[in-house]
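Data first, discussion second: the structure below is written as structure tokens.
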Amino acid sequence: MSDKGIAKQVRETQVWKSIFRHGPPDNSRNRAAVIAGNVFLHLHPIKLKKSGVQLGYTWCMGGLTFFIFLALTVTGLLLMFYYRPTAEYAFNDIVALREHVPLGIMREIHRWGAHAMVITVWIHMFRVFMTGSYKPPREFNWGVGVILLVLTLLLSFTGYLLPWDQLAIWAITVGSGMAKATPFAGNAGPGAMLARIGDFVMVSDKNDVRFQLLGGRFVGEPALLRFYILHCVFIPLVVGVLIAVHFWRVRKDGGISAPL
Amino acid sequence: MSESKEPGMAFQMTKLHKVMAVLSFIFFVTTVWVFLDDYIRPWKAIQVEAQQIKRRHTEEAIKAAKKEIDSKKLAELQANLGKGKDIVASRKKEISKTEDELKAVLTKIKAQTIKNGTSNGDVSAINFQYETAQKEHNAKEAEKKLAELLKLKAEFSQGKDNLKAYQAEEKIIRAKLADLNKEVTDNEKAIKEITTKLNLLELAKKQTDMSLIFAIRNMPFLDYLDPTIKIQQIVINNVTDDRYFRQVPKVDRCITCHTFIDQPGYEKEKQPFRTHPKLDLMVGMESSHPMKTTGCTSCHGGEGQRVNDFASVAHMPDGEKQEKEWIQKYGWKEPHHVASPMLKLSQTEAGCVKCHSGVELIKGATVLNEGRMAIEKYGCYGCHKMGEWAENRRKPGPSLLKIAGKVDKEWFKSWVWEPRSFNKHSRMPAFFRQSNNSKPEFIRYNMAEVNAIAEYVYDKSKPYVPNEKFHAGNAENGKKIISQVGCLGCHGVDGLEDQSNKVKAYAGPWLTGLGSKVQPDWLVSWLKKPSHYQEDTIMPSMRLSDQEANDIATYLLSMRNKTFEALTFSPLDTKARDELLADYNSTFDTYESAVKKVAKMSDREKTLDLGKRSIGKYGCYSCHNLEGFDGYEGIGPNLTKEGSKPITQFGYGLQHDVAQTRDAWITAHLQRPSRWDEGIDKVFKDLNKMPNFYMSEAEAKKITVAILGQVADVVPMEGIKKHDAGAALYNQGMKVAGKYNCMGCHQIDGLRGDILKMYADDINQGPPRLVNEGHRVQTKWMYHFFGNVQPIRPWLQIRMPSFNLSLEEKNKLIAGFQQGAHQGTFEEPEMEVVWEPGEKEGAAKLWSAYNCVSCHSIGFTKDTPLAPNLHLASGRLRPSWIRKWLTNPQAILPGTVMPSFFGEDGTTPTEPGVFGGDAKKQINALTKYVIELGKNEKK
Amino acid sequence: MLRELVNRLSDPIISFPLATFAFYLMLRYYKIFGTKKFAYWTVGILIPVTTWFLADPNFFSIIKTPDNIPIIILLISVGFFTWFALHKAAINDTRIEEGLGPIEATPENREKVWSWPNLVYVELFAIIACTAFLIVWAIIFKAPLEEPANPTWAPNPAKAPWYFLGLQEMLVYFDPWMAGVVLPGLIVGGLIAIPYIDTNPKGNGYFTFKERAMAITAFLYGWLVLWVYLIIVGVFLRGPNWTFYGPFEFWDFHKVVASFNVNLSEIIWIKMLGIGLPKNLVMREIFGIILSLAYIIIIPPWFAKATKVGRDLLKNVGSIRYYIFMFLILMTMSLPIKMILRWLFSLKYIVALPEWELNL
Amino acid sequence: MSSDSKQSLNRREFFSYITVGWVMFTAAVGGLLSLAFRFTYPNVNFEPEMEFLAGSPTDYPNGVDERWKNGYGVWMVKQEGKLIALSNICTHLGCIPNWLPAELKFKCPCHGSGYYMSGINFEGPTPRPLERFKIGLQPDGKIKVDKTKIYRWEKGEWDNPDSFLEV
């Protein structure tokens, strides 16, 4: 039997057919089918305007942001096998990731990927602004995008604490220190002075937004745990949901932007 | 087809809304329920009650404070204040003028501060630039900068001077202003001074108000802001909870309910509001176990983290009455899943052991100490390991290495079979005739074992020939000597029951029926020189004369036990012996071949073999020195961590009446160990071998406390009060003191002194109490004294014995005393006496004025001495101790006959004529005088 | 000497106006800026200049810090994409002037193509390239790890993550409640509001500058000068004690710069009026309060009345959009205004109410 | 048609059901969300204590008392009838200055910053005075120092009655 024969035979098995519902995408019908029939590729339209595939126009920054998000999810999941968010172990675990855990660049990929994601998402926004792609009918999706950008920064910010080194806690101390100044909700913010009756202090370092964020009055073990959960579970979940909304709206608001 | 149909409705909208309304209502109710469930906690009610109690106390304090205030004076001051206000008001114009002046100066100061701040910044910046230029060897630039810098500096220092001038001005104006307001401020201050305490109390009372603010602060949801009712906790990093392979810091939240535990004044409140009963020792800030660093469950046990449920804390009721009460009141349940529940109130002292593990006796832990004394009495540690405290102790029983020279074999067998039939006070426990081994076939085997043991022991026994001959003496006199010289510190004696029962001595056996037991010659030699028979005995020599020894022996030998003498022990049942041996040998072999193997042995071999095996089986060697058992471990289970042993590991047999708690099991076990076998069909070799000590319930309970303290908890070094080298030495010394039963006679730093109970009428007739002995006597003297005892107090009838101390023991004992008194070994050995002018004459005057020789008569008059020989003082006592003693003897030894010449405070001499009545000078002079006495004597 | 000059020029006091001016030039002459020739020349000049910069050990030691690599990547990509966007805009604007319409709108670019493989494959390329890039980056540069966290000892300077350094730089001029809470909030809110404020229907879906000059100018100023520029300052030019250090300057711990700042109330009541600060807080700060309110309340209507741009804007977008837009612009401009006041008058706060934690 | 009239007939009933349903629903969800918010504030925390009891005012003679310096980093300074709790962290770079009784000043050994007894800086590189902590009297007459509350001179906070104790 020739090779061709084998390939053909394989393609005619029930297993193959159950997975791939169509022939090779070398004709229009199958090209449509490959996109429409695949849950992941289904994010794309079956066909689109030519300008949408021109890198000079799209810069591909949104796509890269999404890809880096996926890469960070995968590397982050792997890192979680070795990392314990406690003051006792966090630092040592990071050292372990560098010193003896196989594939010693996992943490580097995760960290640099996080920086790269911040940059790509900024430039994605820059491009969308420059092509005026926030204009009707895409106003809402622009808003979703802005929130996603903020969440990207928060993801990066919460991850910054996890190595539990001097860089981490002091960056977070500086960053979270600003929450202290939130008007009416932070103990050093305008209006906090007013929220007291006698010795009943309604806004103090024990009950303001900063305390809520850190789970304590300063960056300590509770803060590490909270940031870990925000970083690994809470914000990624929200981001995942919003990304779905974002992509859905790209499709529904007329596909990737192009001149009207 | 063209009429495409609109989709229809499956339900009616009204119906859907109704369902929605019902479900939402249920949903809403559950939400409210969640809130309430989360909010209502029992400890909150307790804290509210505590607040009311505090309010009551504060109100009482306010009443008291009000009484304290001189109301007349207050009224006067208030009147003055009114007047003062008028005066000040009349100066209104002047005051406002001065205030304006002040404002002007303050403005100047502020402006100058700004200017100076700028200058300061500039100076620092230019200085840095100048230094950088210098560093870079940029001479031109540096010169330029320097010129600029100098100019700026001059400006700055001018500015600083200006500021100082303004500030001086400000001060003057302020003083003036204060002067103008003087009449008001002075009176206000005076009033405030009087009323400070009251004001503070009023403030405290206000804090206990049940106001709206209080309600808001503690409202559901809002109670995260700044609640007054909240969980209180102590985190102790230095004491840990065992989380198996991890030690985690202890967290105690007991103070959430026990609100006033560390505050004096609440002693009479009901629980949980009561103050800790021993605040000076525990919990109090100044005590040696402050709450913040010791916590609660470190000592008491229990689940310190729990606050929501009385039972989950593992509170333990003490007694059935309390248990019933708690079940009714709090729904108390037996805490089955708690590894270490709270210690019952009467057993609390067990908690001390965890940290104070190696300490011989722990001050303040009465029950625990009694428990340990009972352990010492029965020698539990012979068979059981029991932690650091029980390590390296002597064997509890007498040596059997020369037993053949002491008692005869027949006596031995009957004694082993049932010790109490000879001596009802016997501490040798009963192995036989117990509830689990009284079946005829078991008795047959047991008797064979006893026979074999006796054969083995006597076979190995070395010969002994007494070195004294007994000649009859005066029994009455012997009895008197026994009661006088101090035998009762260690022995109970028949015929002296009254005294013996008072002292409750336990180091030596209760002396009874000796005439039926030992040879007269043996007894006399033993009394005169115990170490002749047993080298390592703790029995000391009392330095008895020949006559005294014979008198005592006569008395002791006059006691006979006729019934016991009449006993004869049935001869060895060889069949039973062979069966037992075959049984032993069949462990790794079939019974038949074991029988064959035994048959091959000679008769003697068989007997000795069974004897050795039986001694090993019952662990006789644990308490007695026996040949052939070197290196054998005690046969009992290790009790070092008994207090942490899971309750499931205790075997209860069929004893359902015994409660399912550690302490109940241990107490029951101690009283009748054979009970666990009762009603169970066991083969002979599997019977419980723990013998019966016939101890009372009270004793068993005390021992239980000591054993409960043996827990597995690891206390980090930082958690224990640092056992420095000194404390360790003290413990070692006290261990030696314990071994030789020093405290049977001497009370050491307030502990024991058993025999003193005989001298309740006149404590000064008893052995001297040792308080800070390491400070009192010189190291050299003590060393010499132990090796060569000589009487210090000739009027005492009780004698300090000559102990058979090894060099090592002597050193340990001395070092222990030194460290107990925080005294360096070579500190203050002897003092050179250097008189100041006129001092010696004064001393002589005092010597006669205080009439020292009336008691310290030795070497001065022929009177019967009532106090120690002062000629020995210089070589024996430390000068600083003499001074302390002279200052206030009652403070050291309450009840001493030594008069207090210097009053209770030690500063008012009864002889004010010498040294102008300066007590210190007098004491110094007398000390020197006494020391010189000794020195002259030596010369 | 040249280094000295660069050091001095990079001080925000000078470099900020310079950056603003450069920004103005870039947009004013965007058609020149957007030519390839300009790009080649720029690259040609930048290569030797960068080499010269890198030759300095002080500069190199800052650059080579692993955590600063992303900022360099950011810098390069922002530079490139700004040029690229203006390049595209310039081409389109020329075409529109000629009546041809933007390139993206040409019929051949409007043609439909299959996603498979045209789009999917390109995406795969991007993914592969990105992965390769990340791996190389990860191999060459180790992620930073300093000494274990010590809550009792703060490193100096303690810096926030680089993407927040713009905010931290604002802390020099504003109190945390402004720099850390109000201004970031307004940035996010303002960004979301853009589509609703910008009613200009032109420029939807293609690069252009001319058709959206005002929107792009406002956005780019905020993005390039007030965000990216401040990040650069925060990362590269701020050392111990948040003191300014030139790119060639050694981060000497002991460097001191003259900085004694005075509140507006102190300037007016003490320096100018010489009567001391009034006791009443509101009275004390009355000038600052009036000025601040005037800034927010008076300028927008005045602008709409007095200038043609304002009038047109108001007419085009309606009053609500106009006032929101003006508010956002004024808040944006408050930062440069505060900077300039600080540099010129050592002004600390316009309204200084530390008693209420309310400093402006 | 008929259903329409039915609805209009039952309008009131219908209206009340839908209102009750959705109001309850909203309230319940709101309640649960607020509990989730409350959940983020723990009822106890394990942070080191920032308050301590410092004896009674009469324990302190005029001048600088160093008894709490090592344990809590606080100098108790009694001067002109006021007792203050002064932080012992140099405001320059965080070293710990020494108290020089002979010269009546705090001197930082690291870079030579000097402070008066009151905490005001007068020499060296330090930019501002030492910080003061909250100090107050408890009802039982004991002094309580609260290190969480800081009073800074340059903020004009030293006039705050909690920043000193009148004795």
Side-chain angles (χ1 to χ4, degrees), chain B residues 9 12-32 34-35 38 41 54 58 61 117 120-121 124 127-128 160 189 192 196-197 199-208 220-225 227 230-233 235 249 251 253 256 263 285 292 307, chain D residues 3 6-7 9-11 13-49 52-53 55 57 80-81 120-128 136-142 153-154 156 166-167:
Chain B
M9 291 286 289
Q12 275 193 344
M13 268 324 270
T14 44
K15 212 171 174 183
L16 291 178
H17 290 316
K18 267 183 200 168
V19 174
M20 177 69 189
V22 170
L23 281 177
S24 295
F25 177 74
I26 294 169
F27 187 28
F28 181 75
V29 170
T30 54
T31 310
V32 173
V34 172
F35 264 94
D38 184 54
R41 303 279 165 110
K54 189 165 186 186
T58 318
N120 189 11
S124 320
N127 192 30
F128 177 76
K160 279 201 277 193
K189 213 170 152 193
K192 204 177 157 195
T196 312
K197 195 177 168 192
N199 291 341
L200 284 171
L201 284 168
E202 295 281 6
L203 204 70
K205 189 183 158 191
K206 219 179 136 220
Q207 281 177 358
T208 61
F221 183 72
L222 285 186
D223 56 2
Y224 76 96
L225 285 174
K230 57 188 167 194
I231 294 173
Q232 306 280 356
Q233 70 179 16
V235 181
V251 179
R253 309 213 166 97
T256 303
Q263 295 169 34
M285 274 244 277
K292 287 265 160 88
V307 285
Chain D
S3 73
K6 232 183 202 169
Q7 265 183 14
L9 275 175
N10 293 338
R11 181 156 294 248
E13 188 194 350
F14 157 78
F15 190 71
S16 68
Y17 272 121
I18 191 171
T19 315
V20 166
W22 285 96
V23 166
M24 287 262 179
F25 178 76
T26 315
V29 170
L32 289 181
L33 284 179
S34 75
L35 272 182
F37 169 85
R38 177 69 182 80
F39 185 79
T40 61
Y41 285 97
N43 281 331
V44 298
N45 79 63
F46 289 81
E47 296 185 338
E49 277 186 70
F52 65 97
L53 294 179
E80 293 166 0
I120 305 272
N121 54 322
F122 70 97
E123 62 179 359
T126 182
R128 58 192 178 87
L137 214 51
Q138 281 206 318
D140 59 0
K142 293 259 165 62
W153 174 83
E154 67 277 16
E166 277 203 77
V167 285

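Order of the sequence lines fixes the chain letters, A, B, ..., with proteins taken first and strands second; residue numbering starts at 1 for each chain. Everything numeric in this text was worked out from a predicted model, so none of it was measured.
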Query raised in the report: Between Phe37(D) and Tyr224(B), is the ring centre distance below 6.0 Å?
Result: yes

Requested in this report: Determine, for Arg38(D) against Asp223(B), whether the closest basic-nitrogen to carboxylate-oxygen distance falls under 4.0 angstrom.
Outcome: yes

Which bit of [X] comes within less than 4.5 Å of chain D, counting heavy atoms only: side chain, backbone, both or neither?
X	answer
Glu202(B)	neither
Lys292(B)	side chain
Val29(B)	neither

Report summary line: Taken to the nearest 0.5 Å, the spacing of Met24(D) CE from Thr31(B) OG1 works out to 10.0 Å

Requested in this report: Find the distance between CG (Leu200(B)) and CG (Leu137(D)) and round it off to the nearest 0.5 Å.
Outcome: 5.0 Å

Requested in this report: Kindly give the heavy-atom pair with the smallest separation between Val20(D) and Ala21(B), and that separation in Å.
Outcome: CG1-CB, 4.3 Å

Requested in this report: Specify the closest pair of heavy atoms between Phe221(B) and Ser34(D), including all atoms of both residues, with the distance to one decimal.
Outcome: CE1-O, 3.2 Å

Do [X] and [Y] have side chains that get closer than 4.5 Å, going by heavy atoms?
X	Y	answer
Met20(B)	Tyr17(D)	no
Trp22(D)	Ser24(B)	no
Tyr41(D)	Leu225(B)	no

Report summary line: The interface call for Val23(D) against chain B, heavy-atom contacts under 4.5 Å, is neither

Query raised in the report: Which bit of Asn45(D) is near chain B, if near means a heavy-atom gap under 4.5 Å: side chain, backbone, both or neither?
Result: backbone

Report task. Evaluate side chain to side chain contact (heavy atoms under 4.5 Å, CB included) for Leu32(D) paired with Phe27(B), printing each intermediate quantity in order. Result -> CA-CA 10 Å; Leu32(D) 289 181; Phe27(B) 187 28; 3.6 Å; yes

Query raised in the report: Does atom NZ of Lys230(B) have more than 12 heavy-atom neighbours from other groups under 6.0 Å away?
Result: yes

Report task. Return yes when atom CE of Met285(B) has more than 12 non-hydrogen atoms of other residues, nucleotides or ligands closer than 6.0 Å, and no otherwise. Result -> no

Report summary line: Given Thr26(D), Val44(D), Asn43(D), the one with more heavy-atom pairs under 4.5 angstrom with chain B than any other is Val44(D)

Query raised in the report: Among Ala61(B), Ala204(B), Pro227(B), which has the most heavy-atom pairs under 4.5 Å with chain D?
Result: Ala204(B)

